[in-house]
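Working notes, structure below.
For the numbers below, each heavy atom of this structure counts, side chains included, while hydrogens, waters and symmetry mates do not.
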Amino acid sequence: QVQLVESGGGLVQAGGSLRLSCTASGRPFSNYGMGWFRQAPGKEREFVAAISYGGGSTSYADSVKGRFTISRDNAKNTLYLRMNSLKPEDTAAYYCAQAYGRTLQILSAEYLYWGQGTQVTVSS
């Protein structure tokens with residue numbers, strides 16, 4: 001059974017930084033693309049960042065480009081999201097997800113497994 005467990009969320013002031021982690025188990029982590037999504041209250045879930053199985057390809061939403069960095073450590077079965085220069089509009093529950101295949105994916109429908117989420121709150 002696949003499990004994705006996020007951690008690292010919290011309350012931070014605008015301009016601050018956080019690093020989210022997602023530890024995976026249940027199937028070979030290095031075989032699958034991974035992604036981060038977020039959902040704010042009353043809003044649709046939205047794509048944040050994605051990375052291919054080996055980490056060689058990444059993609060970002062325009063709203064986070066230049067501020068967030070997605071990375072992975074396949075030896076540790078862990079996905080990361082480094083978030084710098086945080087803004088109040090980044091406040092949301094953040095979810096990691098594991099894709100059906102190896103390539104990075106932007107659409108949530110291309111992801112098979114999801115974590116339970118970790119809350120990020122950015123105060124102004």
Side-chain angles (χ1 to χ4, degrees):
Q1 182 174 347
V2 173
Q3 278 196 312
L4 302 175
V5 180
E6 301 98 335
S7 61
L11 174 64
V12 64
Q13 287 189 330
S17 298
L18 283 174
R19 188 181 77 160
L20 305 183
S21 299
C22 170
T23 302
S25 61
R27 63 175 186 164
F29 179 74
S30 60
N31 285 0
Y32 299 97
M34 299 291 295
W36 287 99
F37 289 76
R38 67 187 181 186
Q39 187 168 19
K43 294 189 175 182
E44 299 271 323
R45 182 169 54 189
E46 65 175 359
F47 168 76
V48 175
I51 189 166
S52 60
Y53 73 104
S57 298
T58 58
S59 180
Y60 297 90
D62 287 343
S63 60
V64 307
K65 204 171 292 184
R67 300 188 298 122
F68 291 10
T69 302
I70 189 171
S71 62
R72 64 191 298 161
D73 185 336
N74 285 345
K76 296 182 178 179
N77 292 345
T78 303
L79 175 73
Y80 302 101
L81 184 68
R82 177 67 180 181
M83 305 185 294
N84 294 329
S85 303
L86 282 161
K87 304 175 181 180
E89 51 264 44
D90 294 318
T91 295
Y94 282 72
Y95 300 88
C96 73
Q98 190 172 72
Y100 284 93
R102 293 188 169 210
T103 57
L104 66 84
Q105 301 292 341
I106 294 174
L107 299 178
S108 59
E110 299 295 337
Y111 288 86
L112 180 58
Y113 295 104
W114 294 81
Q116 82 290 349
T118 186
Q119 179 67 35
V120 171
T121 302
V122 184
S123 63
S124 57

Shortest non-hydrogen separation from S71 to L79 and the atoms involved: O-CD1, 3.4 Å
R82 (side chain) donor-acceptor with S17 (main chain) under 3.5 angstrom: no
Gap between atom CD1 of I70 and atom OG of S52 - 0.5 Å precision: 9.5 Å
Spacing of Q1 atom CD and S25 atom OG [to the nearest 0.5 Å]: 8.5 Å
Atom pair CD1/OG of I51 and S59 - distance to nearest 0.5 Å: 11.0 Å
V120 and R38: CA distance, side-chain angles, deciding distance, side-chain contact (heavy atoms from CB on, under 4.5 Å) verdict: CA-CA 9 Å; V120 171; R38 67 187 181 186; over 6 Å; no
Backbone of Q116 reached by a side-chain donor or acceptor of E6 within 3.5 Å: yes
Candidate pair Y60 and T69, rule side-chain contact (heavy atoms from CB on, under 4.5 Å), full reasoning: CA-CA 8 Å; Y60 297 90; T69 302; 3.8 Å; yes
Nearest-0.5 Å distance that lies between atom CG in L112 and atom CZ in R27: 5.0 Å
Any donor-acceptor N/O pair, R72 side chain to G55 backbone, under 3.5 Å: no
Verdict with supporting geometry, Q98 and F29, side-chain contact (heavy atoms from CB on, under 4.5 Å): CA-CA 9 Å; Q98 190 172 72; F29 179 74; 4.1 Å; yes
Single-linkage hydrophobic cluster F47~V64, side-chain heavy atoms < 4.5 angstrom: no
side-chain contact (heavy atoms from CB on, under 4.5 Å) between D90 and M83, worked out: CA-CA 9 Å; D90 294 318; M83 305 185 294; over 6 Å; no
Side chain proximity check, W114 to R45, heavy atoms < 4.5 angstrom: yes
From L81 atom CG to T118 atom OG1, the distance as rounded to the nearest 0.5 Å: 11.0 Å
hydrophobic_cluster_shared for F68 and M34, side chain cutoff 4.5 Å: yes
More than 12 heavy atoms from other groups under 6.0 Å of NZ on K43: no
Note: D62-K65 ion pair, threshold 4.0 Å (strictly below): yes
Distance in Å, Q3 CD paired with C22 SG, rounded so as to fall on 0.5 Å steps: 11.0 Å
Under 3.5 Å: donor-acceptor pair, side chain of S124, backbone of P88: no
Side chains of Q119 and T91 in contact at under 4.5 Å (non-hydrogen atoms): yes
Partner of Y111 under ring pair (Phe, Tyr, Trp, His ring centres under 6.0 Å), chosen from Y100, Y95, F37, W36: F37
Residues which pass side chain to side chain contact (heavy atoms under 4.5 Å, CB included) with S21, listed by chain and number, not counting sequence neighbours: S7, R19, T78, Y80
Donor-acceptor contact present, side-chain N74 to main-chain Y53, <3.5 Å: yes
